[in-house]
Enquirer: 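Right, I'll just put the structure down here and ask away after.
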Amino acid sequence: MEPLAEDTARPWAEPGIYRVAPGVYRIPLPLPNDGLRAVNVYAITDGTSLVMIDSGWALDEAREQLRAALAAIGAELGDISQFLVTHVHRDHYTQAVALRREFGNKIALGEHEEASLKITANPQGTPITAQIRLLWQAGADPVVDELRRVFGDQPSESGAAIWEDPDQWLTEGRFTVLPDRELDVVHTPGHTAGHVVFDDGAAGLMFTGDHVLPHITPSIGFQPAETEMPLRDFLGSLRLVRGMPDRRMLPAHGPVSESVHQRVDELLAHHEQRLATTADTVVAGATTAYEAAQRLGWTRRERRLAELDPFNQMLAVSETKAHLDLLVYQGKLAATEVDGVLRYRVA
């Protein structure tokens, strides 16, 4: 395997190693039964030292593809000095833990992910507990029933075993990754409470994780530790990044793109339209997030909620609730809790 130059005509998820810029390589790694197709991790090297942005999902196939990709630039898994992880989701964090157990690599993660990580690592915890509480508030009992059927509701010690604390909790500011290379750590909550992006101003690059993606909008607030208003946080984080100098975008899912600003503008416009469409469902008679989600279209194909699998139904209802809650915050809707369910109406 030899490193290839980035080529937008080539499928972005095709295994290999791709040269993004001097000393920076993109490596797509596989995901299990995942509509995202792959996750990009990035190797940064000066020829002697090696740092990774994100790590991938702890899978044998992902480990082998990462090993083979690094071999193409004369490196081994044990040469990775540190993983800088954008957020605590499994496809970004868990392979770093698995490799640290084997080689002693260091892991750094945003400090605001600590609450979610501790819940996830608790062997007495149950899967997606926070999401089930949210779905109850949304009046989505049928989705809860399907999730319990698929994921169960018993503690999972084996599932918790892969989660461990990082060696360092990242705070905002300048971070030296190689002797001659520094990145700015920027806190961008929304997708998760502790998501960070890494800005390489000298090279004109931004490692955007799941905060800014070229083809899809990231899920909002999918994490075990609940936050009050994740969509407000997410839109604020988008505006924060929009106020920074434009960079070449190195995302976690999808191809490298030339402008972070262009995609941020598209995402802000999308959510502005989505807020208006979501408000219209309440005007038309929807009173809960579940009812509103049933009236909205999902994915680029505008699929109905019932056409989605239970996991994506959960994400859809959660996103709808996030939009409704922001509309309440903006004074455009009002909400009242009745028997544990939030009921929305025109303000």
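Along the sequence shown, the residues carry numbers beginning at 1.
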Enquirer: After noting the C-alpha distance and the side-chain angles of H191 and H89, does the key distance pass the side chain to side chain donor-acceptor pair (under 3.5 Å) rule?
Expert: CA-CA 10 Å; H191 179 58; H89 282 165; 3.2 Å; yes
Enquirer: Is any NZ, NE, NH1 or NH2 atom of the basic residue among E164 and R101 found under 4.0 Å from an Asp or Glu carboxylate oxygen of the other?
Expert: yes
Enquirer: Could you pull out all residues at least two apart from H323 that satisfy ring-ring contact (aromatic ring centres under 6.0 Å, His included)?
Expert: H271
Enquirer: Strictly below 4.0 Å, N to O, side chains only: are E76 and R67 in salt-bridge contact?
Expert: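 The answer is no: the pair does not qualify as a salt bridge.
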Enquirer: Listing request: all ring-ring contact (aromatic ring centres under 6.0 Å, His included) pairs with a residue in residues 274-302, at least two apart in sequence or in separate chains.
Expert: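 Qualifying pairs, neighbours excluded: none.
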Enquirer: Quick check: does any side chain N or O of Q223 sit under 3.5 Å from a backbone N or O of A225, one acting as donor and the other as acceptor?
Expert: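 Side chain of Q223 to backbone of A225: a pair is present.
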Enquirer: Does NZ or CZ of R26 fall inside the cone over Y42's six-membered ring, less than 6.0 Å from its centre and within 45° of the axis?
Expert: no
Enquirer: Is it true that a side-chain atom of H187 and a backbone atom of V196 form a donor plus acceptor pair closer than 3.5 Å?
Expert: no
Enquirer: Charged N to carboxylate O below 4.0 Å: is that the case for D46 and R181?
Expert: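 Salt bridge between D46 and R181, a charged N being under 4.0 Å from a carboxylate O: no.
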Enquirer: Any carboxylate oxygen within less than 4.0 angstrom of a Lys/Arg side-chain nitrogen, looking at E307 and R304?
Expert: no
Enquirer: Taking the six-membered ring for Trp, are H253 and H92 closer than 6.0 Å centroid to centroid?
Expert: yes
Enquirer: How about H211 and F234: are their ring centroids closer than 6.0 Å?
Expert: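 For H211 and F234, the ring centres are under 6.0 Å apart.
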Enquirer: Do V41 and L109 sit in the same hydrophobic cluster, where Ile, Leu, Val, Met, Phe, Trp and Tyr count as joined when their side-chain heavy atoms come under 4.5 Å apart?
Expert: yes
Enquirer: Consider only side-chain heavy atoms of I, L, V, M, F, W and Y, link residues closer than 4.5 Å, and tell whether L250 and W12 are in one cluster.
Expert: no
Enquirer: Could you tabulate the donor-acceptor pairs under 3.5 Å formed by side-chain atoms of residues 324-340, not counting sequence neighbours?
Expert:
from, atom 1, to, atom 2, distance (Å)
D325, OD1, Y344, OH, 2.7
D325, OD2, K321, NZ, 2.7
T336, OG1, R345, NH1, 2.9

Enquirer: From L183 CG over to D199 CG, what is the distance, rounded to the nearest 0.5 angstrom?
Expert: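 Taking CG in L183 and CG in D199, the distance rounds to 8.0 Å.
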Enquirer: Let me confirm one number: the CD-CG distance from Q82 to N105, rounded to the nearest 0.5 Å.
Expert: 10.0 Å
Enquirer: V20 and L29: same hydrophobic cluster, using ILVMFWY side-chain contacts below 4.5 Å?
Expert: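 Different clusters.
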Enquirer: Can you tell me if T288 uses its side chain to pair, donor with acceptor, with the backbone of R343 under 3.5 Å?
Expert: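 Checking the backbone N and O of R343 against the side chain of T288, no donor-acceptor pair under 3.5 Å is found.
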Enquirer: Would the distance check show the side chain of T176 and the main-chain N or O of L178 forming a donor-acceptor pair, the cut-off being under 3.5 Å?
Expert: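 No, because the side chain of T176 does not come within donor-acceptor range (under 3.5 Å) of the backbone of L178.
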Enquirer: Would you give the length of the straight line joining atom CG of L213 to atom OG of S257, rounded to the nearest 0.5 angstrom?
Expert: 9.5 Å
Enquirer: Does D246 reach the main-chain N or O of S259 with its side chain, forming a donor-acceptor pair under 3.5 Å?
Expert: no
Enquirer: Measuring from L147:CG to L135:CG, what's the distance to the nearest 0.5 Å?
Expert: 6.0 Å
Enquirer: Under the rule for salt bridge (Lys or Arg N to Asp or Glu O under 4.0 Å), what residues qualify as partners of E172, not counting sequence neighbours?
Expert: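 Counting only residues at least two positions away or on another chain, E172 forms no salt bridge (Lys or Arg N to Asp or Glu O under 4.0 Å).
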Enquirer: For G254, is there any backbone N or O sitting under 3.5 Å from a side-chain donor or acceptor partner on N40?
Expert: yes
Enquirer: Are D200 and R247 close enough for a salt bridge, meaning some N to O gap below 4.0 Å?
Expert: no
Enquirer: Indicate yes or no: does R263 engage E258 in a salt bridge with an N to O separation below 4.0 Å.
Expert: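 Answer for the salt bridge query: no.
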Enquirer: Report yes or no: do L99 and V85 belong to one cluster of Ile/Leu/Val/Met/Phe/Trp/Tyr joined by side chain heavy-atom distances under 4.5 Å?
Expert: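 Yes; V85 is reachable from L99 via cluster members.
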Enquirer: N312: which residues meet the side chain to side chain donor-acceptor pair (under 3.5 Å) condition with it, sequence neighbours left out?
Expert: D309
Enquirer: When you measure from the side chain of T86 to the backbone of G209, do you find a donor-acceptor pair of N or O atoms at a distance under 3.5 Å?
Expert: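 Not a single qualifying donor-acceptor pair exists.
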Enquirer: Report the distance from atom OG1 of T320 to atom CG of L305, rounding to the nearest 0.5 Å.
Expert: 7.5 Å
Enquirer: Locate the shortest heavy-atom distance separating R274 from G297; write the atom from each residue and the value.
Expert: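 Heavy atoms of R274 and G297 come nearest at NH2-O, 2.9 Å.
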Enquirer: Are V256 and M206 joined in one hydrophobic group, where the rule is that I, L, V, M, F, W and Y side chains link up if heavy atoms are under 4.5 Å apart?
Expert: no
Enquirer: Quick one: CG on L231 to CD1 on I220, what's the gap to the nearest 0.5 Å?
Expert: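 Result: 5.5 Å between the selected atoms.
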Enquirer: Looking at every heavy atom in both Q95 and S55, which two are closest together, and how far apart are they?
Expert: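 Looking at all heavy atoms of both residues, the closest pair is NE2-O, 2.7 Å.
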Enquirer: Only pairs at least two apart or in different chains count here, so list each side chain to side chain donor-acceptor pair (under 3.5 Å) that has a residue in residues 109-119.
Expert: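 Qualifying pairs, neighbours excluded: E113-T192.
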Enquirer: How close do L59 and P30 get, counting heavy atoms only, and between which atoms?
Expert: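 In terms of heavy atoms, the two residues are closest at CD1-O, 3.8 Å.
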